[in-house]
**Student:** 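Got a structure here, written out as structure tokens. Questions coming.
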Protein chains: 2
Amino acid sequence: MIKEGGAVVVTNIHDIARLSGCSVSTVSRVINHQKYVADDKRAKIEAIMQQLDYVPNRVARDLSNGQTKTIGVVLPYANHPYFARVIDGIVGAGFSAGYKITLLPTNYDMTIERHYLEQLRGKAYDALIFTSRSSSLDTLERYRKYGQIVCCEDPGDERQLAAAFTDRMASYVYALKWAQTQGYQTMGVVLSRNNVISASTRVTRRAYQEVYGKLTDTNLFTGAVTYDDGYQAGAYFAKAEHPVDAIFSNGDDIGAGIHQYFVDQHQPPIPVIGQENLLSSRLLHFSTIDHHLEALGQAAFRLAIGTSRTHELIKSDFIKR
Amino acid sequence: MIKEGGAVVVTNIHDIARLSGCSVSTVSRVINHQKYVADDKRAKIEAIMQQLDYVPNRVARDLSNGQTKTIGVVLPYANHPYFARVIDGIVGAGFSAGYKITLLPTNYDMTIERHYLEQLRGKAYDALIFTSRSSSLDTLERYRKYGQIVCCEDPGDERQLAAAFTDRMASYVYALKWAQTQGYQTMGVVLSRNNVISASTRVTRRAYQEVYGKLTDTNLFTGAVTYDDGYQAGAYFAKAEHPVDAIFSNGDDIGAGIHQYFVDQHQPPIPVIGQENLLSSRLLHFSTIDHHLEALGQAAFRLAIGTSRTHELIKSDFIKR
DNA sequence: ATAATTTATGAAACCGGTCCCAGGTCAAGT
DNA sequence: ACTTGACCTGGGACCGGTTTCATAAATTAT
């Protein structure tokens with residue numbers, strides 16, 4: 001019991017026990033609203049807890065219970081609208097379930113991802129949600145035994161990992177086919193990371209293959225994450241030898257950059273299809289795919305606290321503009 | 001020591017001590033890279049830790065150390081661009097300092113804020129950052145003794161609270177005076193919460209008073225948080241009996257809504273001054289105040305882990321468009 | 001009246017670490 | 001030879017809870 005200026009600042013369960021003339025076991029029972037405590041003792045203990053303004057120590061309980069009621073959310077960066085929406089879903093669901101959500105930025109660094117996986121081993125989190133990853137699925141799976149691990153992509157076949165993901169393939173194919181019906185013969189593509197580990201990249205290539213055939217290097221711009229990157233992409237396609245009729249972008253803000261480049265050059269803006277249904281596509285009035293990322297976050301959270309090793313598919317909507 | 005299919009899954013410091021023939025104290029010294037351990041013992045212990053793939057339990061260390069290296073960030077909702085930028089700053093700074101950042105949504109509910117303050121008492125966090133609040137400063141101050149509390153507004157006079165805030169007053173006055181030089185005789189204002197607890201609301205009123213005189217009800221629209229709210233505000237001012245020459249908005253996305261209403265009605269858009277320098281003001285080309293919210297978040301974090309009861313002022317920039 | 005439950009309580013182990021302190025070795029200083 | 005101080009080591013208290021288990025009283029069932 002630590003005092004400061006006469007007022008009690010910190011108390012523990014032993015103080016309460018001593019002052020109430022009971023044992024810590026009994027106090028613990030009162031704290032946890034368990035049966036088998038005499039009414040008078042319960043009242044007395046509650047009164048003393050009230051009086052000393054006692055609050056049980058969260059960390060001690062976590063240690064004893066072997067769980068922290070905390071979920072770690074692994075993401076490259078927090079300020080990107082894609083992740084912001086997913087986080088929003090996770091945080092909302094987490095709040096309702098009484099869980100704490102901790103943000104774990106990686107900047108796509110595998111070493112840092114490993115660090116968080118080690119923290120999972122150290123019981124710092126009950127589960128990890130990978131909204132994006134650089135490590136292999138094998139690596140993630142290897143840590144599965146230390147806690148639930150949820151990834152936000154289709155892990156395919158028989159994985160031990162839980163997964164919440166959007167139906168990218170279906171929505172991409174739908175969007176691209178719609179573009180064909182609009183008379184767009186050639187379609188440019190803008191991607192973020194051009195590697196096999198990015199689910200978005202992989203699926204975009206597959207969907208493109210199915211609808212437009214092989215994706216050539218000239219029709220592809222990679223490394224786009226922000227509006228300014230999109231602007232660069234716009235410049236690339238504007239100056240291209242064989243211009244494309246429309247561009248399928250990996251995000252609305254990037255799409256806005258593409259659009260804006262043409263506007264700034266006083267050229268007719270090339271039709272763009274974006275993703276995420278952000279304000280930018282609404283303002284510039286181009287089509288987009290809404291992946292319902294809040295729902296994705298909620299699903300990921302449910303999987304994180306559930307023990308069921310399952311998959312959840314979130315349907316996307318194509319918004320024609 | 002818990003095994004699963006032959007492989008060791010969980011070990012603790014006692015296992016390491018037993019297997020290495022040393023005491024727990026010595027193992028602890030090795031874990032923490034302390035002096036006074038014989039080279040051969042150190043090597044042996046390290047080898048065994050390696051072999052069993054031992055990771056110290058985070059929660060146990062936290063309990064013993066009396067700190068969690070976790071900062072709670074209190075905010076109304078996570079998906080709003082204002083808070084997204086502040087979070088980004090906090091998370092970045094937290095990562096560099098080896099701290100965990102937990103998001104605590106309140107939806108402006110005082111009861112929920114209280115709940116988080118109680119958690120601070122329960123040692124769940126080392127400090128709390130209030131990016132926004134509904135509780136009074138007195139209330140926050142009352143919990144100050146349980147941990148550092150940082151608020152993101154100017155708390156004025158002699159408060160025990162640490163504070164990181166932007167120079168709203170200066171930037172608002174600057175922006176409004178600039179508007180006057182542009183010939184805008186009457187200025188509408190859009191606010192989020194029209195109560196005295198919102199720093200933004202309070203300062204906007206004061207700045208308006210200083211430049212334009214008394215803020216009348218007819219020149220004010222409140223309750224705006226999103227683009228759609230801004231759209232409503234646009235409708236309000238478009239249909240007003242005494243139209244305003246320009247509108248000072250509490251956010252770029254809201255400003256975009258205002259702007260867009262006029263566009264949709266085929267009316268010449270009314271000049272808007274936004275805040276936060278988001279993509280929307282860039283796309284629609286209206287002036288805005290950049291509060292450098294990432295820097296605000298970083299400052300807030302520094303105050304959260306520092307014991308110095310200080311204030312940090314972040315300068316804003318007015319971006320004329 | 002006796003056996004079987006249910007209720008009530010506290011001692012003590014446990015969760016998995018940190019750290020103070022006592023005790024011992026050994027080389028340098030006087 | 002004797003003090004001094006740096007180096008090593010382990011026992012055990014401590015952080016603040018939860019939970020098992022033994023014990024006993026009060027009910028209920030037979």
Side-chain angles (χ1 to χ4, degrees), chain A residues 1-2 8-46 48-49 52-69 118-124 126 146, chain B residues 1-2 8-45 48-49 52-69 118-126 146:
Chain A
M1 183 149 62
I2 299 169
V8 178
V9 176
V10 176
T11 338
N12 59 35
I13 197 172
H14 296 95
D15 292 328
I16 306 294
R18 188 165 37 76
L19 292 172
S20 64
C22 305
S23 70
V24 280
S25 322
T26 305
V27 177
S28 179
R29 283 190 198 95
V30 172
I31 292 171
N32 296 292
H33 305 102
Q34 291 175 3
K35 284 205 307 180
Y36 302 142
V37 176
D39 288 349
D40 56 334
K41 290 214 174 185
R42 170 164 269 135
K44 178 160 191 187
I45 290 171
E46 273 169 350
I48 289 179
M49 294 199 302
L52 292 196
D53 226 17
Y54 166 74
V55 175
N57 182 299
R58 184 69 267 160
V59 183
R61 302 181 90 172
D62 286 348
L63 175 61
S64 197
N65 291 327
Q67 59 163 314
T68 58
K69 287 260 184 184
E118 287 297 317
Q119 288 188 169
L120 178 69
R121 292 210 321 136
K123 298 283 178 194
D126 292 351
Y146 304 114
Chain B
M1 183 150 60
I2 300 169
V8 178
V9 176
V10 176
T11 337
N12 59 34
I13 197 171
H14 296 95
D15 292 327
I16 306 293
R18 187 165 38 75
L19 292 172
S20 63
C22 304
S23 71
V24 179
S25 320
T26 304
V27 177
S28 179
R29 284 190 197 96
V30 172
I31 292 172
N32 295 293
H33 305 102
Q34 292 175 4
K35 284 206 306 183
Y36 302 141
V37 176
D39 288 348
D40 57 333
K41 291 214 173 186
R42 170 165 268 135
K44 179 160 192 188
I45 290 171
I48 290 177
M49 292 199 304
L52 293 197
D53 227 15
Y54 166 73
V55 175
N57 183 299
R58 182 71 267 160
V59 183
R61 302 180 89 170
D62 286 348
L63 175 61
S64 196
N65 291 327
Q67 60 164 316
T68 58
K69 289 256 182 187
E118 288 297 316
Q119 288 188 170
L120 178 69
R121 292 210 321 137
K123 298 283 177 192
Y125 317 106
D126 292 351
Y146 304 115

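Protein chains get the first letters and strands the later ones, always in sequence-line order, with residue 1 at the start of each.
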**Student:** Kindly point out which of dT19(D), dT18(D), dG16(C) is positioned nearest to the side chain of Asn32(A)?
**Tutor:**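 Out of dT19(D), dT18(D), dG16(C), the nucleotide with an atom closest to Asn32(A)'s side chain is dT18(D).
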
**Student:** With a cut-off of less than 4.0 Å, is there a side-chain N or O of Ser28(A) near OP1 or OP2 of dT18(D)?
**Tutor:**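 Affirmative; the distance criterion is met.
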
**Student:** Nearest nucleotide by nearest heavy atom, which residue falls closer to the 5' end of DNA chain D, Asp40(B) or Ala60(B)?
**Tutor:**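 Counting from the 5' end, the first nearest nucleotide belongs to Asp40(B).
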
**Student:** Taking the basic N atoms (NZ, or NE/NH1/NH2) and the acidic carboxylate oxygens, is any pair closer than 4.0 Å for Asp40(B) and Lys44(B)?
**Tutor:**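 Looking at Asp40(B) and Lys44(B), the cut-off is not met.
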
**Student:** Select from Val37(B) and Val24(A) the residue whose nearest nucleotide in DNA chain D is closer to the 5' end of that strand.
**Tutor:**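 The 5'-side residue here is Val37(B).
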
**Student:** Please give, in whole Å, the distance from dC19(C) P to Ile31(B) CD1?
**Tutor:**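 Atom-to-atom, Ile31(B) to dC19(C), this comes out as 11 Å.
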
**Student:** Identify which nucleotide among dA11(C), dC19(C), dG17(D) has an atom closest to any side-chain atom of Ser23(A), counting heavy atoms from C-beta outward.
**Tutor:**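 When the side chain of Ser23(A) is considered, dA11(C) is the closest of dA11(C), dC19(C), dG17(D).
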
**Student:** By the 4.0 Å heavy-atom rule, please label Asp62(B) as base, sugar-phosphate, or nothing.
**Tutor:**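 If one applies the 4.0 Å heavy-atom cut-off, Asp62(B) turns out to touch nothing in the nucleic acid.
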
**Student:** Strictly by modelled atom types, are Asp126(A) and Thr68(A) linked by a side-chain donor-acceptor pair under 3.5 Å?
**Tutor:**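 Yes - a donor-acceptor pair under 3.5 Å links their side chains.
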
**Student:** Find which nucleotide of DNA chain C each of Arg29(B) and Leu63(B) is nearest to by heavy atoms, and output the residue with the more 5' nucleotide.
**Tutor:**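 With Arg29(B) and Leu63(B) compared, the 5'-side residue is Leu63(B).
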
**Student:** Hey, are Ser23(B) and Thr26(B) close enough side-chain-wise for a donor-acceptor pair under 3.5 Å?
**Tutor:**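 Yes, Ser23(B) and Thr26(B) have a side-chain donor paired with an acceptor closer than 3.5 Å.
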
**Student:** So, is Lys41(A) close to the dG10(C) phosphate, meaning a side-chain N or O under 4.0 Å from OP1 or OP2?
**Tutor:**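 Answer yes for this pair, as a side-chain N or O of Lys41(A) is under 4.0 Å from OP1 or OP2.
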
**Student:** Is Asn57(B) close to Arg61(B) at the side-chain level, that is, under 4.5 Å between some pair of heavy atoms?
**Tutor:**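 The answer is no; the side chains never approach within 4.5 Å.
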
**Student:** Over all strands shown, is Gly122(A) touching base, sugar-phosphate only, or nothing at heavy-atom distances under 4.0 angstrom?
**Tutor:**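 Here Gly122(A) touches no strand at all.
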
**Student:** Ile13(A) has an atom CD1; how far is it from atom P of dA11(C), in whole Å?
**Tutor:**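 Value for this atom pair: 14 Å.
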
**Student:** Rounded off to whole Å, could you give me the CZ-to-P distance for the Arg18(A) and dG10(C) pair?
**Tutor:**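 Interatomic distance, CZ of Arg18(A) to P of dG10(C): 15 Å.
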
**Student:** Considering only dG17(D), dC8(D), dT9(C), which nucleotide approaches the side chain of Ala38(B) most closely?
**Tutor:**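 Given the options dG17(D), dC8(D), dT9(C), the side chain of Ala38(B) is closest to dC8(D).
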
**Student:** Within this structure, what is the CG-to-P distance between Asp39(B) and dC7(D), rounded to whole angstrom?
**Tutor:**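 In whole Å, dC7(D) P lies 12 Å from Asp39(B) CG.
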
**Student:** Mind checking Lys123(B) for me? I need base, sugar-phosphate or nothing, with any heavy atom below 4.0 Å counting as a touch.
**Tutor:**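 Here Lys123(B) touches no strand at all.
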
**Student:** Could you check whether any side-chain heavy atom of Ile45(B) comes within less than 4.5 Å of a side-chain heavy atom of Ile31(B), counting everything from C-beta outward?
**Tutor:**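 Answer no - side chains too far apart.
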
**Student:** Roughly how many Å is it from NZ in Lys44(A) to C1' in dT9(C), rounded to a whole number?
**Tutor:**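 For the pair Lys44(A) NZ and dT9(C) C1', the rounded distance is 15 Å.
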
**Student:** Side chain of Asn65(A) only, please: which of dG17(D), dG10(D), dT19(D) is the nearest?
**Tutor:**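 Per side-chain heavy atoms of Asn65(A), the pick is dT19(D).
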
**Student:** Expressed as a whole number of angstroms, how long is the span from Tyr36(B):OH to dG23(C):C1'?
**Tutor:**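 After rounding, the reported distance stands at 16 Å.
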
**Student:** By nearest atom, which of the nucleotides dG16(D), dT7(C), dG10(C) is closest to the Asn57(A) side chain?
**Tutor:**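 Nearest listed nucleotide: dG16(D).
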
**Student:** With a sphere of 6.0 Å drawn around CG of Asp39(A), does it hold more than 12 non-hydrogen atoms of other residues, nucleotides or ligands?
**Tutor:**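 Check fails, neighbour count at 12 or below.
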
**Student:** To the nearest angstrom, how far is Asn12(B) atom CG from dT18(C) atom C1'?
**Tutor:**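 It is 14 Å, rounded to the nearest whole Å.
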
**Student:** If you take atom types as modelled and just measure distance, does the side chain of Ser25(B) reach the base of dG11(D) with a donor-acceptor pair under 3.5 Å?
**Tutor:**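 For Ser25(B), whose side chain was compared with the base of dG11(D), there is a donor-acceptor pair (under 3.5 Å).
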
**Student:** Could you give the CZ-to-P distance, from Arg61(B) to dG16(D), as a whole number of Å?
**Tutor:**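 My rounded result for the distance is 18 Å.
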
**Student:** Counting only distance, no hydrogens or angles, is the base of dG17(C) paired donor-acceptor with the side chain of Arg58(B) under 3.5 Å?
**Tutor:**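 Such a pair does not exist between side chain and base.
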
